[in-house]
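Presented below is the structure to which this report refers.
What you see below is based on every heavy atom in this structure, not just the backbone, and it leaves out hydrogens, waters and symmetry mates. Chain letters run A, B, ... following the sequence lines, proteins first, then strands; residues in each count from 1. Predicted, not measured: the structure shown is a model, and the values here were computed from it.
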Amino acid sequence: MADFQTLRGMVDILPSETWQWQSVETFARHHFERAGINEIRTPLLETTELFNRGIGGSTDVVNKEMYSFVDRGDRSCTLRPEGTASVVRSLIQNGLISQGPQRLWYQGPMFRYERPQAGRQRQFHQLGVEFFGLSSIKSDAELISIAWDLLKQLGLKGITLQVNTLGTLEDRQKYRSQLVSWLEKYSKNFDEHTMNQLKNNPLRILDSKDKNIKKILEGGPMLIDYLCESSKRRFINLQEFLSELDIPFTINPKLVRGLDYYCHTAFEITSGELGSQSTVCGGGRYDGLVQQLGGSATSSIGWAIGMERLLILLANKIPNQNTPDIYLVNKGEKAELEALCLARSLRLANLKVELDNSGSAFSKQFKRASRSHASWALVIGEEEVNKGEVVLKSLIDKENFGSNISINISNIKEIVDIVTS
RNA sequence: GCGGGCGUCGCCAAGUGGUUAAGGCAGCGGCUUGUGGCGCCGCUAUUCGGGGGUUCGAAUCCCCUCGCUCGCCCCA
């Protein structure tokens with residue numbers, strides 16, 4: 001048993017998995033570049049009040065999931081539980097809001113003090129996109145298409161886009177009172193949790209997994225019937241645009257966001273392969289947030305992808321390209337020194353070279369060369385040093401184990417030519 | 001925060017109260033003082049997540065604790 005281990009819910013990303021992360025990150029970066037979306041990096045630590053106000057005091061995230069502490073200057077600090085609040089804070093602080101529309105992406109660790117389970121950790125990673133200053137519903141469609149195409153092009157199968165509208169704040173207030181009076185008729189059978197939701201955040205009850213509540217809701221009022229004309233129009237347009245983009249979607253009238261500043265578009269991309277945490281990407285419009293955090297009223301939409309969930313879905317679908325071109329087999333005092341220099345020269349010539357520093361028997365080194373999945377073994381021992389050459393041997397050509405190519409030791413170019421041809 | 005399952009070597013895993021804790025994979029060494037994916041031989045857990053207790057005796061029983069996992073809540 002090791003003396004130390006990671007804190008609960010904190011996970012090491014090991015060398016055998018980092019290449020998958022890098023592969024997704026690189027792909028995403030290019031994807032965003034093509035869409036004119038620029039990266040923003042904000043601190044992991046912010047004042048607690050930012051999240052209290054930005055996420056909302058009635059949410060679980062704020063009430064029981066934040067990693068908060070008081071620093072040496074008596075400030076209450078919190079490790080960010082999500083990315084949006086920090087991005088908005090930065091936009092306001094740096095005066096970017098007044099510089100016209102902003103298309104931004106971010107990536108990095110988030111922290112929530114929750115009980116870990118499949119697809120959920122206390123430190124997890126999100127990849128997110130936010131658009132500011134774009135009020136047209138076309139932007140909602142564009143934003144969704146960027147998420148959808150990213151996931152599809154990464155090779156995800158079996159994902160579903162669900163969309164809904166929350167209308168305006170006024171739409172929702174009208175609906176909310178109707179929903180509450182409908183639910184109150186049945187509330188004598190509600191448990192404590194549902195009662196609290198009814199009081200604080202009744203729309204959340206819509207996506208309850210409880211069978212009885214689902215049944216009660218079947219006959220209940222629907223938000224879509226309480227939308228004003230322009231809200232309805234927006235939602236219909238969104239559907240038209242998505243169809244025009246050939247992005248399949250289903251309407252899920254029970255898809256809600258619990259926070260007050262959300263409005264109009266809400267969407268999720270889900271997969272059946274994630275256990276009970278089925279959402280791999282979630283987002284929507286939150287036109288009220290910038291103002292709520294002290295900026296001027298600004299249209300805002302965004303989404304976030306859970307990297308761990310994405311990687312679960314991607315498992316084994318990304319080929320590992322991090323195999324060496326050359327495995328450098330070497331033995332003998334002079335030869336080992338030559339090998340060290342040779343490895344460096346070949347690396348400077350852009351080849352991936354794995355240098356065997358074990359000094360063990362050639363048979364052992366060849367065994368390792370084989371397992372490294374290198375295409376070539378480059379051999380240098382006493383004989384070669386004396387002749388001033390090295391021996392290049394294909395590890396892929398299994399039939400001709402013995403076929404060796406001798407090359408002058410200083411002829412790096414010939415080695416590179418053979419290996420890259 | 002609530003409920004279920006689990007925790008023996010880097011990984012998989014046998015063992016369910018009694019002398020030295022199987023086996024497989026990986027690793028290392030050798031057969032082969034210099035040529036790979038096979039084979040054979042050898043080495044690799046004073047110790048069973050941690051602590052305490054019961055017992056003549058515990059990996060095996062009890063308590064506590066840490067962690068993992070599945071579900072609820074919630075969310076990416």
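Sorted by first then second residue, the salt bridge (Lys or Arg N to Asp or Glu O under 4.0 Å) pairs that include residues 279-293 of chain A, not counting sequence neighbours, are A:D140-A:R285, A:R285-A:D287.
Heavy atoms of A:G302 sit nowhere under 4.0 angstrom from any nucleic acid atom. Residue A:G282 is classed as a sugar-phosphate contact, given heavy-atom separations below 4.0 Å to backbone atoms only. Within 4.0 Å of A:E383, counting heavy atoms only, lies at least one base atom of the nucleic acid. At a threshold of 4.0 angstrom between heavy atoms, the contacts of A:T6 with the nucleic acid are absent. Residue A:V280 is in sugar-phosphate contact alone, with no base atom involved, counting any heavy-atom pair closer than 4.0 Å across all strands shown. A:E308 comes within 4.0 angstrom of no nucleic acid atom, judged by non-hydrogen atoms across all strands.
Listed by chain and residue number, nothing satisfies the side-chain hydrogen bond (donor to acceptor under 3.5 Å, both in side chains) test with A:S271 (two or more places apart in sequence, or in another chain). Every ring-ring contact (aromatic ring centres under 6.0 Å, His included) that A:W105 has, sequence neighbours left out, goes to A:F32. Every side-chain hydrogen bond (donor to acceptor under 3.5 Å, both in side chains) that A:T48 has, sequence neighbours left out, goes to A:S76, A:T78. With sequence neighbours excluded, no residue satisfies ring-ring contact (aromatic ring centres under 6.0 Å, His included) with A:F69. Partners of A:Y175 by ring-ring contact (aromatic ring centres under 6.0 Å, His included), not counting sequence neighbours, listed by chain and number: A:Y226. The side-chain contact (heavy atoms from CB on, under 4.5 Å) search around A:N200 returns A:N196, not counting sequence neighbours. Remark: A:Y186 engages A:W182 in a ring-ring contact (aromatic ring centres under 6.0 Å, His included) (not counting sequence neighbours). Annotation: salt bridge (Lys or Arg N to Asp or Glu O under 4.0 Å) contacts of A:D356 (sequence neighbours excluded): A:R368.
Between the CZ atom of A:F362 and the P atom of B:rC31 there is a distance of 15 Å, rounded to whole Å. Atom NZ of A:K331 is separated from atom C1' of B:rU32 by 13 Å (rounded to the nearest Å). Atom NZ in A:K364 sits about 13 Å away from atom C1' in B:rA26, given to the nearest Å. The CD atom of A:Q123 sits 17 Å away from the C1' atom of B:rC75 (whole-angstrom rounding). When the P atom of B:rG36 is taken as reference, atom CG of A:L378 falls 17 Å away, rounded to whole Å. The nearest whole Å value for the distance from the CG atom in A:D191 to the P atom in B:rC74 is 10 Å. In this structure, A:E114 atom CD and B:rG1 atom P are separated by 12 Å, rounded to whole Å. In this structure, NZ of A:K211 is placed 12 Å from P of B:rC72, rounded to the nearest angstrom.
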Give me the distances for all protein-to-nucleotides 41-44 of chain B N/O pairs that come in under 3.5 Å?
none

Sub-3.5 Å pairs of nitrogen or oxygen atoms, protein against nucleotides 69-71 of chain B:
residue	atom	partner	partner atom	Å
B:rC70	OP2	A:A118	N	2.6
B:rG71	OP1	A:S276	N	3.2

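Using P as the reference atom, B:rA14 and B:rU55 are 31 Å apart when rounded to the nearest Å. Of the C1' atoms belonging to B:rA21 and B:rC48, the separation is 8 Å, rounded to the nearest Å. With both ends at atom C1', the span from B:rU60 to B:rU69 equals 23 Å, rounded to whole Å. On the C1' atoms, B:rG15 is 8 Å away from B:rA59, given to the nearest whole Å. Taking the P atoms as reference points, B:rC25 lies 41 Å from B:rC64, given to the whole Å. B:rG23 and B:rC56: their C1' atoms are spaced 32 Å apart (whole Å). Annotation: B:rC62 and B:rG18 have their P atoms spaced 16 Å apart (nearest Å). B:rG17 and B:rG57 have their C1' atoms separated by 8 Å, with the value rounded to a whole Å.
In the set B:rU35, B:rA76, B:rG36, B:rG36 carries the atom at the smallest distance from any side-chain atom of A:L395. Comparing B:rC73, B:rC75, B:rU35 by their closest approach to the side chain of A:R309 singles out B:rC75. Among B:rU35, B:rA76, B:rC73, the nucleotide with an atom closest to any side-chain atom of A:A304 is B:rA76.
Map A:F124 and A:I380 each onto its nearest nucleotide of RNA chain B; the residue landing nearer the 5' end is A:I380. Along RNA chain B, the nucleotide closest to A:M307 and the one closest to A:D210 are compared, and the more 5′ of them pairs with A:D210.
The backbone N or O of A:P109 lies less than 3.5 Å from a partner atom in the side chain of A:R80, making a donor-acceptor pair. Put simply, the side chain of A:E17 never gets that close to the backbone of A:Q20: no donor and acceptor are under 3.5 Å apart. Proximity of a side-chain donor or acceptor of A:S90 to a complementary backbone N or O of A:V87 within less than 3.5 Å is not detected. Panel note: side chain A:Q123, backbone A:V11; no donor-acceptor pair is recorded below 3.5 Å.
Checking B:rC48 for Watson-Crick or G-U wobble geometry (two distances, each under 3.5 Å) identifies no partner in any strand. Taking a pair to require two hydrogen-bonding distances under 3.5 Å in either a Watson-Crick or a G-U wobble arrangement, B:rU32 remains unpaired. Across all strands shown, the partner of B:rG7 is B:rC66, judged by Watson-Crick or G-U wobble contacts whose two distances both fall under 3.5 Å. Across every strand in view, B:rG71 sits in a pair with B:rC2 that passes the Watson-Crick or G-U test at under 3.5 angstrom. Nucleotide B:rG27: paired with B:rC43 (Watson-Crick or G-U wobble, both distances less than 3.5 Å).
Between A:H193 and B:rC74, a side-chain N or O to OP1/OP2 separation shorter than 4.0 Å is present. Phosphate proximity of B:rC75 to A:R204: present, with a side-chain N or O under 4.0 Å from OP1 or OP2.
Atom CD1 of A:I415 is separated from atom OG of A:S345 by 9.0 Å, given to the nearest 0.5 angstrom.
For A:E384 against B:rG34, a side-chain N or O and a base N or O form a donor-acceptor pair under 3.5 Å.
Contacts between residues 365-373 of chain A and RNA chain B, counted as heavy-atom distances below 4.0 Å, involve A:F366, A:K367, A:R368, A:S370, A:R371.
Across every non-hydrogen atom of A:T160 and A:W148, the tightest pair is C-CZ3, 4.2 Å.
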